[in-house]
There are 2 protein chains.
Amino acid sequence: MKRKVTLKQIAKELDVSISTVSKSLRNSPEISEDTRQKVQAFAKLYNYRPNNIALSLKNKKTKTIGIIIPEIVHHFFATVISGIEQVANECGYNVIVCLSDESFDKEVINMEMLATGSTDGFIMSLSKETQQKKDFHHIQEVINQGMPVVLFDRITNDVLCDKVIIDDRRAAYEAVEFLIKKGFKKIALVTTVDYVSVGKLRTDGYTNALHDHDLPLNDDLVVKIEDIENCALKIEAMLQQQRPEAIFAVNELFAVTCIKQATKMGIKVPEELSIIGFTDGIISQYSSPSITTVSQNGIKMGRKAAKMLIERLEMEEEDERYRTEVIETHLVERESTLSL
Amino acid sequence: MKRKVTLKQIAKELDVSISTVSKSLRNSPEISEDTRQKVQAFAKLYNYRPNNIALSLKNKKTKTIGIIIPEIVHHFFATVISGIEQVANECGYNVIVCLSDESFDKEVINMEMLATGSTDGFIMSLSKETQQKKDFHHIQEVINQGMPVVLFDRITNDVLCDKVIIDDRRAAYEAVEFLIKKGFKKIALVTTVDYVSVGKLRTDGYTNALHDHDLPLNDDLVVKIEDIENCALKIEAMLQQQRPEAIFAVNELFAVTCIKQATKMGIKVPEELSIIGFTDGIISQYSSPSITTVSQNGIKMGRKAAKMLIERLEMEEEDERYRTEVIETHLVERESTLSL
DNA sequence: GGTTGCCCCGAAAACGTTATCGTGTTGAAA
DNA sequence: TTTCAACACGATAACGTTTTCGGGGCAACC
């Protein structure tokens, strides 16, 4: 087993100083052609690579981005990571991933852990608990220490930093409007509890669309899901009692569950019930029928977030003007919707 | 903006030496109760946290695990990461994730990048290209440098290290046997090209099961998919020409595509065609009909891999005896299979 | 009073780099 | 012969820790 070789070892072996070795490898003009070649040959032979940790310590830069997300077993977040990783890779950065598991405490702990030197900045999406508690001191603290943070998707307005979002309200509005234009009047909503920021916004979009098209807002048509467990039951109850013509669901899981429940109850999708989901993930694509949905390009969001973060990391003087980028969405029409 | 405070700054502020500060914070008995309390109070006030990078350099340990996988937008890999992260977190490790994108070159580059000090060890699953080229020098090199590597799922026998797998051949065998016992004789196989190790093993399982039950092996019933693009077409062709009674697909995507194509052709699943998939991901759960599948517990694999790696990292003397852990699988029976 | 031992604390090395500055040698110009 | 610049290299500091060692001061003991 041959351990990693260091400058010191090379220096000793060639009987020169460490400085000479370092300079030779970085092609400094201070070093004679002769020794430079000699050192480089030796380094190549022993496959020398400068130690990242030492470089990080010296440069006070780790070239690593910390990602903190609620969970990774979630197609949307996985695509975002993928996007971040692409840009990071192009720019010579690594990504270190921490999962909050929707827990405030884990989010805080992970952040503090990474903030003590491990990363140069953060890209994160808030956990449900954090959104509920509205406690963002850990993020503010990190920012105060001079580390840039980019929030995406599940964000908050209570902390000043760069953000990448989609226009949830508008996207939802357009989805519901799409249903209205197809001729549906009795449109149900399956959404999350209000403290989930994106859920709330999408709910708003639904409400606004109904209102702008002079349709009544009927609370009985609105299902708010707290935990996935009883999701199916609540949807079934609503379907039973209300028999809507169409449903707008704020995520894939809700949408596919609607389809499953409806099918089970003998309601044909899309013939008797049209459904639109949110987030164009695997479920929407492979469900039967496949689901018309609002496509929310995670790769793009990830790429954008990474670009913003790295740009800020590589700025010489800091800029207090923070941006909020809105990634465009569009409706992907599939099999789960039909005109009346 | 208050930057991170260091030992040096505390020392200067309190007019003591750096050593004294360090020892005070680590509760060394060398330090008087008095100064210790003073230092600790000050440190707490300024929220001192030792710099990870400096610690890594000193201890020659980064407390980070490098994960290299083909892609993250893949439910199975996401669950594995999730499992790894759980254990890592429990043991005070971080995970840094790199994606090879199924490319040999990216796999090598990522590995070399992380190997120069960034991580203490690796957990990885081989890219398709790597499996095709059978070139594992980058892995061997890392091992030679004394960094432990744990391979999972897509592994190779050409390199000696710890491994975590499922018994792909046996799981496939059991799945096919399950179909045979239901009374099916004309069972098709939808699989990958042979160089994908797990694909090959599952194919073997299929072949063996047929053989052991005295069923003829018909090559026309076997579809080997190279890229996902023409997946649907090839499946359709086979369905058209052969009209099998059942299909064993080596992954979720193939399984759900079979369902879609069959449905499109008017073949009813499961009434006229039973289908079994592999990997119990979201698709299998939410597809209509939901898919009977071989559950391959990614979380468990991830946890096991992480445990093995960390165990090896924290051993004092090294142990040349490598283990290969087999994670048990089981068949999850859902709606896509019926008895004749 | 001198020696011993204990209690506190500081200096310094080490991890692996890079960058600044200093220095010895050589050759050429004055 | 003296002076000066250019050249080639080495010593050192710095990044932030931890740890080993050494030493000063003081009380106790002979």
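Every chain is numbered from 1 and lettered A, B, ... according to where its sequence line falls, protein lines coming before strand lines.
In summary, the side chains of Thr130(A) and Glu107(A) do present a donor paired with an acceptor at a separation below 3.5 Å, with no hydrogens or angles considered.
Residues satisfying the side chain to side chain contact (heavy atoms under 4.5 Å, CB included) test with Ser118(A), not counting sequence neighbours, are Leu114(A), Asn52(B).
When rounded to the nearest whole Å, the span between CG of Asn52(A) and P of dT17(C) equals 10 Å. Put simply, CD1 on Ile10(B) is 8 Å from P on dT17(D), counting in whole angstrom units. To the nearest angstrom, P of dG16(C) lies 16 Å from CG of Asn59(A). Taking atom NZ on Lys60(B) and atom P on dT18(D), their separation rounds to 17 Å, with Å as the unit. Protein atom CG of Leu55(B) is 14 Å distant from nucleotide atom C1' of dA14(C), rounded to whole Å. In this structure, the NZ atom of Lys4(B) is 16 Å from the P atom of dC15(D), given to the nearest Å. Between the C1' atom of dG16(D) and the NZ atom of Lys12(B) lies a distance of 15 Å, rounded to the nearest Å. Regarding Ile53(A), its CD1 atom lies at a distance of 14 Å from the P atom of dT17(D), rounded to whole Å.
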Dump every N/O contact between nucleotides 19-25 of chain C and the protein below 3.5 Å, one line per pair.
{"from": "dT20(C)", "atom 1": "O4", "to": "Lys23(A)", "atom 2": "NZ", "distance (Å)": "3.3"}

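Comparing dA11(D), dT17(D), dG10(C) against the side chain of Ser17(B) picks out dG10(C) as the nearest.
Asp319(B) CG: more than 12 foreign heavy atoms inside a 6.0 Å radius.
Looking at residues 31-48 of chain A, you'll see Ile31(A), Ser32(A), Thr35(A) sit with a heavy atom under 4.0 Å from some atom of DNA chain D.
A salt bridge between Glu90(A) and Lys307(A) is absent, with no side-chain N of the basic residue lying under 4.0 Å from a carboxylate O of the acidic one.
Along DNA chain C, the nucleotide closest to Leu57(B) and the one closest to Thr20(B) are compared, and the more 5′ of them pairs with Thr20(B).
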